[in-house]
Amino acid sequence: MIYLDNSATTKPAGEVADKIYEMLTEKFGNPSSFHKAGLDANAEIRAARKALASELSCEEEEVIFTSGGTEANNLAIFGAAEANRRRGKRIVTTEIEHESVLEAVKALEAQGFEVVRLAPDSEGKISVSQLAEAINGETVLVSVMYVNNEVGSVLPVSSIKKAVAKAGAPALIHIDCVQAFGKIPVKPKKLGADLVTVTAHKIHGPKGVGALYVRKGARIIPRQYGGAQEQKLRPGTEAAPLIAGFGKAVELIPDYKESAEKMSALNSYAKEKLCAINGVSINSADDASDYIINLFVPSFMTSQTVVQHLSSSYGICVSSGSACAKGKKSHVLTAMRLPDKKIEHSIRISFSRFTTESEIDALAEAIKETAEKYPM
């Protein structure tokens, strides 16, 4: 199998799987218990929190473990809106956010909040001026992703804090860094963020665990109530095996400079191979994340059919967009105002640090044969 759907999920590293197995079989105690088994499990959670805090350059108490990116996004958005409800009603986001953000702000809109959704250009980009114009004194939350999960566009998130200050807004700033974390440096304080979402399964960690950075002093309202775990923002017995696995995945994040050089070369190689195929075109911007390429495939088969064909006939795994969309028409490409024909015949390929040129060669050959055998 050739796996090129790493924006959906990554293969867990062997060291991560070993750590999870150790937790399940040897350190299985409830981390809230005060006996040795519980203390051993708790120590692993503390170690994972320390690793994540070090990677984010923040304090350990600012890291709140969740069940994943969706829960972290929901906790940030509902928690911030509820905490600031009396200070304003405007929420600023974009049309190309992950579904967990779009559906959350939609629910808040039904509760009376005003939601401003910024439209991207044809390359999936949002401008600094768009953000500045949308944020006013009534804005209580700005939620913008760092790297788009379908086309890889990098959004100007570091400019949000200045726009909020200029408008005199009481807004908390939330940045969904799920596709950025582990690939480019994510430092909440440098980004000017109050809330940052990350998750484990995009960096060769396990599914079912993520984290929300909550800036010390930033107030959000919890979505769940129960015990005192995770500073009462995410109560309940912690998933110690998954959290420990997350910590191990963070420890394994390679040097950013070396990774950037490798991925830039791989991205260029892939585009050269793919664009040599008659009719193929790239939907991602030239300065998009090197980990993601969204492309138009000149075949009469629709995106989902191409995905299934590449899997069944060639053993190659790609996607037609966000895995959470469950095969629905891409809202990102739609927001980019691309023609329906292009939207309906585009796929996403996404790399990891383990992707090779030989895998790219196999993909290019498979797409070439598919386009020739099943032309438009």
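Below, each value reflects all heavy atoms present in this structure, side chains not excepted, and no hydrogens, waters or symmetry copies.
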Take Val115 and Arg117 through the test side chain to side chain contact (heavy atoms under 4.5 Å, CB included) and record every step on the way to the result.
CA-CA 6 Å; Val115 178; Arg117 300 172 178 86; 3.7 Å; yes
Checking Arg348 against Ser319 for the side chain to side chain donor-acceptor pair (under 3.5 Å) test, could you report, in this order, the C-alpha distance in whole Å, the side-chain angles of both residues, the deciding distance, and whether it holds?
CA-CA 5 Å; Arg348 178 191 69 185; Ser319 72; 3.1 Å; yes
Applying side chain to side chain contact (heavy atoms under 4.5 Å, CB included) to Thr305 and not counting sequence neighbours gives Met301, Thr302
Measuring only between side-chain heavy atoms, which start at C-beta, is Met376 closer than 4.5 Å to His345?
yes
Ser303 versus Glu344, side-chain donor and acceptor atoms under 3.5 Å:
no
Student check: side-chain heavy atoms of Thr355 and Glu359 closer than 4.5 Å
yes
Hydrophobic cluster of Leu172, others only, ordered by chain and residue number, side-chain cut-off 4.5 Å
Ile64, Leu75, Leu195, Leu212, Val214, Ile220, Leu233
For a side chain to side chain contact (heavy atoms under 4.5 Å, CB included) check, start with the C-alpha distance between Val198 and Phe246, then their side-chain angles and the critical distance, and finish with the verdict.
CA-CA 11 Å; Val198 297; Phe246 191 2; 4.1 Å; yes
Which ILVMFWY residues can you reach from Tyr3 by hopping between side chains whose heavy atoms are under 4.5 Å apart?
Met1
Could you give the distance from OG (Ser153) to OH (Tyr146), rounded to the nearest 0.5 Å?
12.5 Å
Look up atom NZ in Lys202 and atom OG in Ser350, then write down how far apart they are to the nearest 0.5 Å.
8.5 Å
Ignoring hydrogens and geometry beyond distance, is a side-chain donor-acceptor pair present between Asn73 and Thr197 at under 3.5 Å?
yes
List the residues meeting side chain to side chain contact (heavy atoms under 4.5 Å, CB included) with Pro120, not counting sequence neighbours, and say none if there are none.
Glu95, Ile96, Ile126, Ala335, Met336
Kindly check if the number of other-residue, nucleotide or ligand heavy atoms within 6.0 Å of CZ (Phe34) is above 12?
no
Report whether Leu108 and Val92 are members of the same hydrophobic cluster (ILVMFWY, side-chain heavy atoms less than 4.5 Å apart, transitive linking).
no
Apply the salt bridge (charged side-chain N to carboxylate O under 4.0 Å, His left out) test between Arg49 and each candidate in Glu230, Glu61, Glu60, Glu62; give the one that qualifies.
Glu230
Would the number of heavy atoms belonging to other residues, nucleotides or ligands and lying under 6.0 Å from NZ of Lys271 be above 12?
yes
Contact list for residues 256-268, test salt bridge (Lys or Arg N to Asp or Glu O under 4.0 Å), sequence neighbours left out:
none
Determine whether Met145 and Leu155 make a side-chain contact, defined as any pair of heavy atoms from C-beta on separated by less than 4.5 Å.
yes
When rounded to the nearest 0.5 Å, the distance separating OG of Ser33 from CG of Leu39 is 8.5 Å
Is a donor on one side and an acceptor on the other found under 3.5 Å between the side chain of Thr10 and the backbone of Asn6?
no
From Ser330 OG over to Ile347 CD1, what is the distance, rounded to the nearest 0.5 angstrom?
13.0 Å
Correct closest heavy-atom pair for Pro206 and Ile20 would be CB-CD1, 3.6 Å
Mind checking side chain to side chain contact (heavy atoms under 4.5 Å, CB included) for Asn74 and listing every partner two or more places apart, or none if nothing turns up?
Thr70, Phe78, Ser100, Ala104
Would you mind reporting whether Pro254 and Arg353 have side-chain heavy atoms less than 4.5 Å apart?
yes
For Ser264, what residues pass the side chain to side chain contact (heavy atoms under 4.5 Å, CB included) criterion, not counting sequence neighbours?
Asp290
Kindly indicate whether the side chain of Phe181, heavy atoms from C-beta on, has any atom under 4.5 Å from the side chain of Leu56.
yes
Quick one: are Glu15 and Leu252 in side-chain contact, heavy atoms under 4.5 Å?
yes
Side chain to side chain contact (heavy atoms under 4.5 Å, CB included), paired with Phe351, selected from Asp5, Thr356, Ile360
Ile360
Any idea which heavy atoms bring Arg234 and Ser67 closest together, and the distance?
NH2-CB, 3.4 Å
For Phe354, which residues count as a ring pair (Phe, Tyr, Trp, His ring centres under 6.0 Å) partner, sequence neighbours excluded?
His204
Please list every donor-acceptor pair under 3.5 Å in which a side-chain atom of residues 274-286 meets a protein atom from a residue at least two apart or in another chain.
unit_1 : atom_1 : unit_2 : atom_2 : d
Ser281 : OG     : Lys342 : NZ     : 3.4
Asn283 : ND2    : Asn294 : OD1    : 2.8
Asn283 : ND2    : Ser346 : OG     : 2.9
Ser284 : OG     : Val151 : O      : 2.8
Ser284 : OG     : Asn294 : N      : 2.9

Has His331 got a side-chain atom pairing as donor or acceptor with Glu97's backbone, closer than 3.5 angstrom?
yes
Can you check whether Cys58 reaches Val63 side chain to side chain, under 4.5 Å on heavy atoms?
yes
Qualifying residues under ring pair (Phe, Tyr, Trp, His ring centres under 6.0 Å), relative to Phe28, sequence neighbours excluded:
none
Please report the closest heavy-atom contact between Glu238 and Pro31, naming both atoms and the distance.
OE1-CG, 3.3 Å
Separation between OG (Ser313) and CD (Glu369), nearest 0.5 Å, reads 9.5 Å
Does Lys187, at its NZ atom, have more than 12 non-hydrogen atoms belonging to other residues, nucleotides or ligands within less than 6.0 Å?
yes
Sub-3.5 Å donor-acceptor pair from the side chain of Arg90 to the main-chain atoms of Ala134, do we have one?
yes
Measure from the side-chain N and O atoms of Ser159 to the backbone N and O of Pro156, and report whether any donor-acceptor pair falls under 3.5 Å.
yes
Heavy-atom pair of closest approach, residues Thr199 and Val209:
OG1-O, 3.2 Å
Heavy-atom donor-acceptor pair, Thr139 side chain to Ile135 backbone, under 3.5 Å
no
Locate the shortest heavy-atom distance separating Gly227 from Lys232; write the atom from each residue and the value.
O-CG, 3.8 Å
Sub-3.5 Å donor-acceptor pair from the side chain of Thr66 to the main-chain atoms of Gly68, do we have one?
yes
For Tyr314, give me all partners under ring pair (Phe, Tyr, Trp, His ring centres under 6.0 Å), at least two apart in sequence or on another chain.
His309
I'd like to know if the side chain of His98 reaches the main chain of Val101, judged simply by a donor and an acceptor atom lying under 3.5 Å from each other, with no hydrogens or angles considered.
no
Between CG of Leu242 and CG of Leu24, what distance do you get to the nearest 0.5 Å?
8.0 Å
Is it true that a side-chain atom of His174 and a backbone atom of Ile77 form a donor plus acceptor pair closer than 3.5 Å?
no
Side-chain donor/acceptor of Glu114 to backbone N/O of Ile91, under 3.5 Å
no
Would you mind listing every side chain to side chain donor-acceptor pair (under 3.5 Å) that reaches into residues 208-223, with sequence neighbours excluded?
Asp194-Arg215
Counting only heavy atoms from other residues, nucleotides and ligands, does the tally under 6.0 Å from NZ of Lys106 exceed 12?
no
Just by distance, do the side chain of Thr25 and the backbone of Tyr21 share a donor-acceptor pair under 3.5 Å?
yes
